[in-house]
Amino acid sequence: MFLSGCVSQQLRRIMVNVPKTRRTFCKRKCRKHTLHKVTQYKAGKASVYAQGKRRYDRKQKGYGGQTKPIFHKKAKTTKKIVLRMECQECKMKKQIPLKRCKHFELGGDKKRKGQMIQF
């Protein structure tokens, strides 16, 4: 009993499938459950004019080699998935973090119980 529970949890972490639309609560104008469009969050391009980047570039200038440490000891093999949800009525966007997973799918086919595998 316990062993099968562990195996099913491991299988669940391998593949995450999320529908493209989700009916969930909207905090802003709507104040009710509405349909939200779901996308995966992706970090934008780093700005050249950000304070940290300006400071780093100034410190790197001239002689003296590398001034700040470069991180090499990467331990994690996965990243936490973040869903970006947009209300289809008021266009408010919110972000919801999920657990870590190796494979993430948006709007894939749903698994059916007792269904034959089609080739």
Side-chain angles (χ1 to χ4, degrees):
M1 178 91 181
F2 177 72
L3 185 67
S4 65
C6 288
V7 172
S8 67
Q9 276 203 338
Q10 284 177 341
L11 288 174
R12 220 177 286 145
R13 284 188 183 180
I14 291 170
M15 185 69 181
V16 177
N17 186 13
V18 177
K20 286 189 177 180
T21 56
R22 182 191 279 187
R23 208 167 163 277
T24 187
F25 188 73
C26 177
K27 286 183 182 177
R28 200 170 120 202
K29 279 191 244 174
C30 304
R31 305 286 302 156
K32 61 181 180 181
H33 275 72
T34 56
L35 210 61
H36 283 67
K37 190 173 106 179
V38 181
T39 52
Q40 188 177 355
Y41 166 78
K42 183 176 174 277
K45 188 181 171 193
S47 172
V48 186
Y49 305 109
Q51 178 61 58
K53 176 72 173 143
R54 296 198 311 264
R55 187 184 297 120
Y56 178 75
D57 289 342
R58 186 174 169 86
K59 198 171 184 183
Q60 284 291 92
K61 258 185 189 171
Y63 296 113
Q66 184 65 36
T67 57
K68 290 184 117 338
I70 299 173
F71 184 71
H72 291 296
K73 295 181 180 178
K74 189 171 180 283
K76 301 279 189 282
T77 57
T78 58
K79 288 190 174 185
K80 290 180 181 177
I81 301 295
V82 177
L83 297 181
R84 191 163 174 268
M85 303 174 83
E86 183 182 344
C87 177
Q88 292 187 343
E89 288 181 26
C90 69
K91 304 294 182 210
M92 189 201 80
K93 295 165 190 78
K94 65 178 177 180
Q95 293 180 337
I96 294 173
L98 299 181
K99 290 182 179 176
R100 294 179 178 276
C101 66
K102 291 210 173 185
H103 301 286
F104 176 76
E105 194 177 359
L106 199 60
D109 295 332
K110 286 186 178 179
K111 284 187 180 176
R112 304 253 187 250
K113 281 192 178 176
Q115 204 81 20
M116 276 182 50
I117 300 168
Q118 302 271 321
F119 290 104

Is there a path of hydrophobic side-chain contacts, each under 4.5 Å between heavy atoms of I, L, V, M, F, W or Y residues, that connects L106 with I96?
yes

Could you grab the distance from atom CD of Q95 to atom CE of M85, nearest 0.5 Å is fine?
11.5 Å

Would you say that M15 contacts E105 through its side chain, given a criterion of any heavy-atom pair below 4.5 Å between the two side chains?
yes

In Å and rounded to the nearest 0.5 Å, what is the SG to CZ distance from C90 to R31?
11.0 Å

Residues D57 and K53 bridged, charged N to O under 4.0 Å:
yes

Can you name the closest pair of heavy atoms from T78 and K102 and give their distance?
CG2-CG, 3.4 Å

Is it true that atom OH of Y63 has more than 12 heavy atoms of other residues, nucleotides or ligands lying nearer than 6.0 Å?
no

I need the minimum non-hydrogen distance between R54 and V48, along with the two atoms involved.
CG-O, 3.9 Å

E86 side chain reached by K91 side chain, heavy atoms, under 4.5 Å
yes

Are V38 and F104 co-members of a hydrophobic cluster defined by side-chain heavy atoms under 4.5 Å apart?
yes

Considering all heavy atoms of both residues, which atom of V16 and which atom of L98 are nearest to each other, and what is their separation?
CG1-CD1, 4.5 Å

List the atom of K27, the atom of M92, and the distance in Å for their closest heavy-atom pair.
N-CE, 4.2 Å

Stepwise side chain to side chain contact (heavy atoms under 4.5 Å, CB included) test for R22 and K37
CA-CA 7 Å; R22 182 191 279 187; K37 190 173 106 179; over 6 Å; no

Contact summary for D109 and N17, nearest pair of heavy atoms
O-ND2, 3.0 Å

Here the pair of heavy atoms bringing F25 nearest to K94 is O-NZ, 2.8 Å

Going only through I, L, V, M, F, W and Y residues with side-chain contacts under 4.5 Å, is there a path from L35 to V18?
no

So K59 and K68, do their side chains get closer than 4.5 Å, heavy atoms only?
yes

Mind checking the NZ-CZ spacing from K79 to R100? Nearest 0.5 Å is all I need.
10.0 Å

For K93, enumerate each residue passing the salt bridge (charged side-chain N to carboxylate O under 4.0 Å, His left out) test, keeping only those at least two apart in sequence or located in another chain.
none

Can you check whether T34's main-chain N or O pairs, donor with acceptor, with H36's side chain at less than 3.5 Å?
yes

